[in-house]
Structures are given as structure tokens and as C-alpha cells.
Amino acid sequence: MALTALSHSQGSSSGVFPKLILVQGNEQKDIVLNRTPFSVGRKVDKDLVIADPRVSRDHAQIIQEESVFFLVDQGSKHGTFVNGERIQRQKLEPNDRLEFGARDSAYVVFNPAHATSNTAREFLSQISVIQIKPEATDLEKLKLFLEAARKLNTAGVLDEILMTMLDVTLELTHAERGYVFLKDEEGKLRLAAGRNSKKEPLLDDKTISHSILEESLRANSEFLITDTSQSLDLAGRQSIVAYDLRTVVCIPLRKFQVQTTRGGQTPVPAQGAAEVMGVLYVDSRFRSRDIAGVDHDILHVIATEAASLIENARLVQAEEAARRYQQELSIAAGIQQRLMQVRIPEVPFARLHPRNVPCKEIGGDFYDAVNTKEGLAVVLTDVSGKGVSAALLASTLQGMIYSHLTTGMPLLDVVNAVNRFLTEKLVGEKYATMLLVRLRRDGDLEYVNCGHVPPLLVCGGEVIRPPHGNVPVGLLSDAVFESARCQLNSGDRFILVTDGVTEAENAAGEFFEDSRLEAVAAKTPTMEAIFGAVSQFCSGTPLSDDCTVVELMYSSSEA
């Protein structure tokens with residue numbers, strides 16, 4: 001498939017453009033979204049040309065409405081997709097995955113430009129030049145800088161926030177060096193950012209006074225000294241003497257909570273000792289008279305606002321990570337749903353009705369059906385666990401089993417191949433219950449039950465639960481599997497279910513269980529009746545496992 005991107009001089013007045021990342025195999029290409037509408041299609045005059053027959057000539061457009069971008073389908077035949085879901089018009093978010101008709105060869109990632117470090121610093125410098133009045137106090141300047149940093153924080157640029165805090169502190173104190181240390185998961189301080197008065201990064205913290213840093217953290221209080229030579233307590237400290245440090249400032253970064261008062265909402269320390277997130281450390285090799293003018297209010301503002309900014313930046317990053325995870329789940333769910341869209345074979349002697357109700361975006365249940373000269377083969381499998389790992393293994397097993405069944409391989413050979421794969425590749429980490437069935441034209445039915453819920457054989461008003469069974473596949477490398485057979489008459493039904501049906505719970509914590517399943521099957525042996533009974537039993541209680549039912553009805557050639 002050939003892909004071409006045209007460039008145009010027309011763009012937005014802001015001077016900042018989003019970009020598209022075109023991914024094809026192992027190749028990536030950046031495309032600046034410098035005009036709107038931005039057209040996508042097979043015609044050579046489109047901004048993004050995708051020369052694939054599944055892509056319509058006029059396929060889709062990316063349009064801008066104020067500061068928001070939308071992807072709009074132009075009536076394409078094979079559809080436009082965002083994160084695996086077909087859309088007509090969809091608001092675009094950073095890192096959205098866009099696909100146009102041909103979903104198996106290339107895709108586009110929408111990644112709007114945001115404030116980078118350079119633009120952020122340029123913005124801060126403009127703020128300081130334009131809005132800070134000459135008569136403004138240091139506290140007013142600090143608050144303005146912090147407000148600018150808070151605006152940058154909406155982009156979740158934690159490193160930028162830390163560098164901004166250091167630049168502001170160094171400017172106010174006229175010190176030489178500044179560092180931010182943050183607590184890790186173990187409660188230990190780690191260097192998060194370093195900066196000198198020339199705005200150069202500092203990556204080494206060996207020459208600072210770690211003893212003062214730790215004391216400030218332990219005492220949870222500001223530490224300010226403008227002439228270490230006059231302090232007998234500090235003159236003997238090795239780092240201060242070795243590196244000739246005269247000025248040292250340590251400010252704990254405390255996490256505050258908002259408390260509603262008569263005057264409105266006010267940040268106050270949390271109950272008990274305020275939680276310390278880290279420490280802001282500043283020092284110089286000369287005595288600084290300017291630091292003496294930095295009063296307690298400014299130190300309090302620095303401690304409060306810095307901790308708030310850092311906490312907000314972390315929350316934004318966590319939210320973005322969660323959103324990316326949900327996007328990946330959505331894409332995985334789309335892939336699995338396409339795999340689960342089984343094409344049911346049409347045979348003159350049987351009718352097959354399957355249905356799957358997942359409890360999450362993706363799961364470990366799957367079914368498939370293959371018609372060969374040996375008969376109609378059906379498989380229902382439930383992989384242990386939930387989520388991505390179960391869905392990934394289910395997709396692998398589905399492909400393996402389907403390929404074996406299409407060759408007419410005996411059912412026991414298929415089971416042994418799957419068991420060998422799981423025990424050798426995953427070494428007991430994952431297993432699966434499985435029910436393999438092959439129905440011949442004369443009504444002879446062979447099945448292999450590997451730890452699965454026993455099937456239901458419905459003959460008239462009687463329900464039989466064949467007791468035959470084996471261990472699940474993937475547990476024992478030397479397991480021996482056996483099959484069983486039964487003879488179906490015209491009108492008989494063979495119903496396969498997963499344990500998500502029998503273990504469906506109601507609000508009281510009761511299971512649906514085999515007895516209710518058999519009762520509904522005896523009364524109205526249809527798939528719809530089973531799901532209706534489960535839904536009525538649960539009465540709105542969410543499913544805790546995937547529910548899958550496959551109904552196989554035999555009708556003799558004579559009938």
C-alpha cells in the first residue's frame with residue numbers, strides 16, 4: 001500500500017500545529033497538520049493519500065473547530081476508525097489511533113503539539129517581562145511565576161515544573177545552585193532536577209550538604225543560613241568546609257489539603273504532621289545578603305505551591321497513562337471482537353447459534369466452528385484469568401485450533417497439540433478449559449471435555465449432562481486425554497456453556513448454578529432463554545466472568 005502526504009503553506013494563525021504520525025510496518029513518518037480541513041483518501045489530490053482499494057477516493061477529513069480537532073468520515077465504504085471503533089464524527093485526543101478502511105497495513109497517530117520546554121520557558125520569560133511591575137514585591141513576583149507554572153502544568157510536564165521552580169527560587173535568592181529532591185516509593189530522597197544560576201542543568205549532587213538536607217526533611221522545617229562561617233554548628237560539617245559553602249537554604253515540599261473556611265477555600269496542612277513530598281535545596285559559595293530579605297511568607301509560598309504543582313503534575317501523568325492504557329484496551333478489544341466474529345458454516349444436518357457476553361473489554365472466552373468432510377467441528381474454550389494476558393492467549397489458541405480443525409485432524413490430536421504448546425511454552429503459567437465437538441451427518445457426535453463445564457444434551461424435555469471429562473489443557477505435560485461419543489436424533493440439542501453462566505451471581509452472592517441451567521434448558525432449550533434466565537437471576541448485578549453459550553441443533557438428512 002502506497003502512502004503519500006502533501007504539504008501546504010496554509011496553517012493556523014497560532015503558529016503551533018498538531019502532527020500526525022503515519023505508521024506502516026517498521027516505518028514512521030511525521031506529517032504536520034498545517035491546514036484544515038485535512039483530507040484523507042485514495043485520490044492523488046488529498047493531503048494524505050492512501051493508495052489501497054479499501055480506502056475510498058474521498059475517505060475522511062480532519063477539521064478544526066476553535067481549538068478542537070474532529071475526524072469526520074466522508075461516507076466511506078469500509079469505514080473510518082478511532083481506537084478500533086468505527087466512527088462518523090469523533091473528537092480527537094492526543095495519541096488517538098486513526099485507521100481508514102485498510103486496518104491491517106497502516107495507521108495514523110494523532111498527536112497534537114503541546115508546550116515543549118523551549119516554548120514553556122519562552123512563555124515564562126514573556127510573563128516576567130510584560131506583567132511584572134517594577135514596584136512589585138518578591139512575593140508578588142513569585143506568585144506570578146507560580147501561576148505561569150501552574151498553567152504549564154496542564155500539559156503534565158513535570159520536568160518543566162521542577163525547572164521553573166528552581167529558576168524562580170534562584171532568581172529570588174540570587175543563589176548559585178538549586179536542586180529538587182523527591183521521595184521515591186521507599187521514602188528515600190532522589191535527585192529529580194538540578195539547575196545553576198546560568199540556567200544550566202546539574203546532574204551531580206555530590207557537592208551539596210546532604211546532612212542539612214536530611215535534617216530539614218526529618219525536622220519538616222525550613223532551613224536558612226546566609227553565612228555558615230558565623231555558625232559554630234555548621235562550620236564543622238564536611239561538605240560545607242570542603243566545598244566552601246557560605247549560603248544554604250532547605251525548604252521541605254509539603255503536601256497541603258484544601259479546607260473550607262468562612263473566607264473560602266484555604267490550603268492548610270493535613271491533619272497531624274504535613275506530609276513531605278521532597279526538599280528544595282539551594283546553596284552558594286558566597287555570603288548572600290539578598291537571601292536574608294526572603295521572608296518566611298515567601299518560603300511558605302514556595303513550599304506550598306511547589307508541592308501542589310508537583311502533585312498535580314503527577315496526577316496528570318497518571319491520568320494520561322491510564323488513558324493510554326484504556327486506548328490500548330480498546331484497540332485490543334476491537335481486534336478480539338473481529339476474531340470472535342466467527343463465520344458460522346451452513347450445513348444441511350445442523351444449525352449452530354453462538355453468543356458471547358464479555359464482562360470486560362477483553363477476555364479469555366472464544367468459540368469457533370469449522371465444517372470439513374469429517375463433519376461440523378465446534379470448539380469452546382475458556383482461558384484462565386482475565387484481561388490482556390488471557391485475551392492474548394485466547395487469540396493464539398483460537399488460531400492454532402482453527403488451523404488444526406480445517407485439516408481434519410482428529411479431536412484428540414488437536415487437544416494433545418494444544419496441551420503440548422501450553423506446557424512447553426508457558427510451563428504451567430496458564431491453562432484453559434476446552435470442549436471440542438465434531439458432529440457427523442448421521443448424528444454421531446464425538447466430544448472431548450478438558451475440565452470444562454459439562455455440556456447439556458437436550459432430548460425432548462429431558463436434559464442429560466454427559467459425565468465424561470479430562471483435566472484442563474496446560475496443566476500436565478504427560479496428561480492422557482480421552483474422547484466420548486453419543487448419538488443425536490433429529491431435533492436434539494447439544495449446548496456448550498462456559499462457567500461464567502453457572503457462576504453468575506445475584507446481589508445476595510448466590511450462583512446461577514447447574515440446577516437452574518438444567519431447568520431452563522428443559523423448559524425452553526434455546527440460547528436466548530438461557531441468557532434471559534441469567535439476566536433475570538442477576539437482576540442488574542454485573543457479571544464477574546465472560547458468559548458464552550453455543551447451541552448445536554441436529555436435524556437428520558431425512559428431516
Chemist: Considering all heavy atoms of both residues, which atom of Leu422 and which atom of Val473 are nearest to each other, and what is their separation?
Modeler: CD1-O, 3.6 Å
Chemist: How far apart are the closest heavy atoms of Asp492 and Cys459, and which atoms are they?
Modeler: OD1-CA, 3.6 Å
Chemist: Evaluate Val68 against Glu93 for side chain to side chain contact (heavy atoms under 4.5 Å, CB included), listing each step before the verdict.
Modeler: CA-CA 9 Å; Val68 180; Glu93 300 288 350; over 6 Å; no
Chemist: So with a 6.0 Å cut-off around CD of Glu346, is the heavy-atom count from everything else above 12?
Modeler: no
Chemist: For the residue pair Val550 and Val378, establish whether any side-chain heavy-atom pair is separated by less than 4.5 Å.
Modeler: yes
Chemist: Please check this pair: side chain of Asn470 against backbone of Glu482, looking for a donor-acceptor N/O pair closer than 3.5 Å.
Modeler: yes
Chemist: Test Ile401 against Asp368 for side chain to side chain contact (heavy atoms under 4.5 Å, CB included), laying out the working first.
Modeler: CA-CA 9 Å; Ile401 295 171; Asp368 215 329; over 6 Å; no
Chemist: Around Gln536, counting heavy atoms of other residues, nucleotides and ligands shown, do more than 12 lie under 6.0 Å from its CD?
Modeler: no
Chemist: What are the two closest heavy atoms between Ala479 and Asn419, and how far apart are they?
Modeler: CB-ND2, 4.4 Å
Chemist: Do Glu462 and Ile464 come close enough that some side-chain heavy atom pair is under 4.5 Å?
Modeler: yes
Chemist: Has Asn416 got a side-chain atom pairing as donor or acceptor with Leu412's backbone, closer than 3.5 angstrom?
Modeler: yes
Chemist: Quickly, which of Thr407, Val379, Leu405, Val448 forms a side chain to side chain contact (heavy atoms under 4.5 Å, CB included) with Val414? Name it, please.
Modeler: Leu405
Chemist: Can you find a heavy atom in the side chain of Lys43 that is under 4.5 Å from one in the side chain of Asp58?
Modeler: yes
Chemist: Could you tell me if Asn356 and Asp546 have a donor-acceptor pair between their side chains, going purely by distance under 3.5 Å?
Modeler: no
Chemist: Indicate whether any N or O donor in one side chain lies under 3.5 Å from an N or O acceptor in the other, for Ser483 and Glu446.
Modeler: yes
Chemist: Okay, side chain of Gln487, backbone of Asp442: is any donor-acceptor separation there less than 3.5 Å?
Modeler: yes
Chemist: Taking atom OG1 of Thr80 and atom CD of Gln61, what is their separation to the nearest 0.5 Å?
Modeler: 11.0 Å
Chemist: Assess whether side chain to side chain contact (heavy atoms under 4.5 Å, CB included) is satisfied between Asp413 and Val415, documenting all intermediate values.
Modeler: CA-CA 5 Å; Asp413 290 350; Val415 171; over 6 Å; no
Chemist: Does the side chain of Ser39 come under 3.5 Å of the side chain of Asp47 through a donor N or O and an acceptor N or O?
Modeler: yes
Chemist: For Phe110 and Phe69, take the angle between the two ring planes, folded into 0 to 90°, and tell me which bin it lands in: parallel under 30, tilted 30 to 60, perpendicular over 60.
Modeler: tilted
Chemist: Arg465 side chain to Pro454 main-chain N or O, any donor-acceptor pair under 3.5 Å?
Modeler: yes
Chemist: Any donor and acceptor pair, going by atom type alone, linking the side chain of Ser535 with main-chain N or O of Gly532 inside 3.5 Å?
Modeler: no
Chemist: Output yes when a side-chain donor or acceptor of Thr36 lies under 3.5 Å from a complementary backbone atom of Phe38, and no otherwise.
Modeler: no
Chemist: Between Tyr107 and Leu22, is there a side-chain heavy-atom distance shorter than 4.5 Å?
Modeler: no
Chemist: Are Arg485 and Asp444 close enough for a salt bridge, meaning some N to O gap below 4.0 Å?
Modeler: yes
Chemist: Counting distance only, does the side-chain N/O of Asp73 pair as donor-acceptor with the main-chain N or O of Ser76 below 3.5 Å?
Modeler: yes
Chemist: In Å, rounded to the nearest 0.5 Å, how long is the span from CG of Leu98 to CG of Leu92?
Modeler: 5.5 Å
Chemist: Sequence neighbours left out, what pairs pass ring-ring contact (aromatic ring centres under 6.0 Å, His included) with at least one residue falling in residues 477-496?
Modeler: Tyr447-Phe494
Chemist: Are any non-hydrogen side-chain atoms of Pro472 and Cys450 less than 4.5 angstrom apart?
Modeler: no
Chemist: Closer than 4.0 angstrom, basic N to acidic O: yes or no for Glu518 and Arg516?
Modeler: no
Chemist: Are any of the side-chain heavy atoms of Lys46 and Leu48 separated by less than 4.5 Å?
Modeler: no
Chemist: Can you classify the ring geometry of Tyr554 versus Phe349 as parallel (below 30°), tilted (30 to 60°) or perpendicular (above 60°)?
Modeler: tilted
Chemist: Step by step, work out the salt bridge (Lys or Arg N to Asp or Glu O under 4.0 Å) result for Asp30 and Lys19.
Modeler: CA-CA 7 Å; Asp30 290 352; Lys19 71 175 182 179; 3.6 Å; yes
Chemist: With heavy-atom distances below 4.5 Å as the criterion, would you say the side chains of Asn449 and Pro455 are in contact?
Modeler: yes
Chemist: Measuring from atom CZ of Arg493 to atom CZ of Arg351, what distance do you get when rounded to the nearest 0.5 angstrom?
Modeler: 7.0 Å
Chemist: Using side chain to side chain contact (heavy atoms under 4.5 Å, CB included), reason through Val497 and Leu517 one step at a time and then give a plain yes or no.
Modeler: CA-CA 10 Å; Val497 302; Leu517 176 62; 3.9 Å; yes
Chemist: For Thr498 and Asp365, which I'm curious about, is there any donor-acceptor pair between the side chains at under 3.5 Å?
Modeler: yes
Chemist: Please check if atom CZ in Phe531 has more than 12 non-hydrogen atoms from other residues, nucleotides or ligands closer than 6.0 Å.
Modeler: yes
Chemist: Checking side-chain polar atoms at under 3.5 Å, does Asp499 have a donor or acceptor matched by the opposite partner on Thr502?
Modeler: no
Chemist: For the side chain of Thr541 and the backbone of Ala507, is there at least one donor-acceptor N/O pair under 3.5 Å apart?
Modeler: yes
Chemist: Give, for atom CZ of Phe421 and atom OG1 of Thr396, the distance between the pair rounded to the nearest 0.5 Å.
Modeler: 5.5 Å
Chemist: Measure the spacing between CG of Leu393 and OH of Tyr431 and express it to the nearest 0.5 Å.
Modeler: 12.0 Å
Chemist: At their closest point, which heavy atom of Leu20 faces which heavy atom of Val108, and how far apart are they?
Modeler: CB-CG1, 3.7 Å
Chemist: Please examine the side chains of Thr548 and Leu380, heavy atoms only from C-beta on, and report whether any two atoms are closer than 4.5 Å.
Modeler: yes
Chemist: Using modelled atom types only, decide if a donor and an acceptor are shared between the side chain of His59 and the backbone of Ser56 within a distance under 3.5 Å.
Modeler: yes
Chemist: Which heavy-atom pair separates Leu352 from Ala369 by the least distance, and what is that distance?
Modeler: CD2-CB, 3.5 Å
Chemist: If you compare all heavy atoms of Val501 against all heavy atoms of Cys547, which two are closest, and at what distance to 0.1 Å?
Modeler: N-SG, 3.8 Å
Chemist: Within the distance-only criterion (no hydrogens, no angle test), does the side chain of Arg441 pair as donor or acceptor with the backbone N or O of Pro348 below 3.5 angstrom?
Modeler: no
Chemist: What's the spacing between Cys486 SG and Leu439 CG if we round to 0.5 Å?
Modeler: 9.0 Å
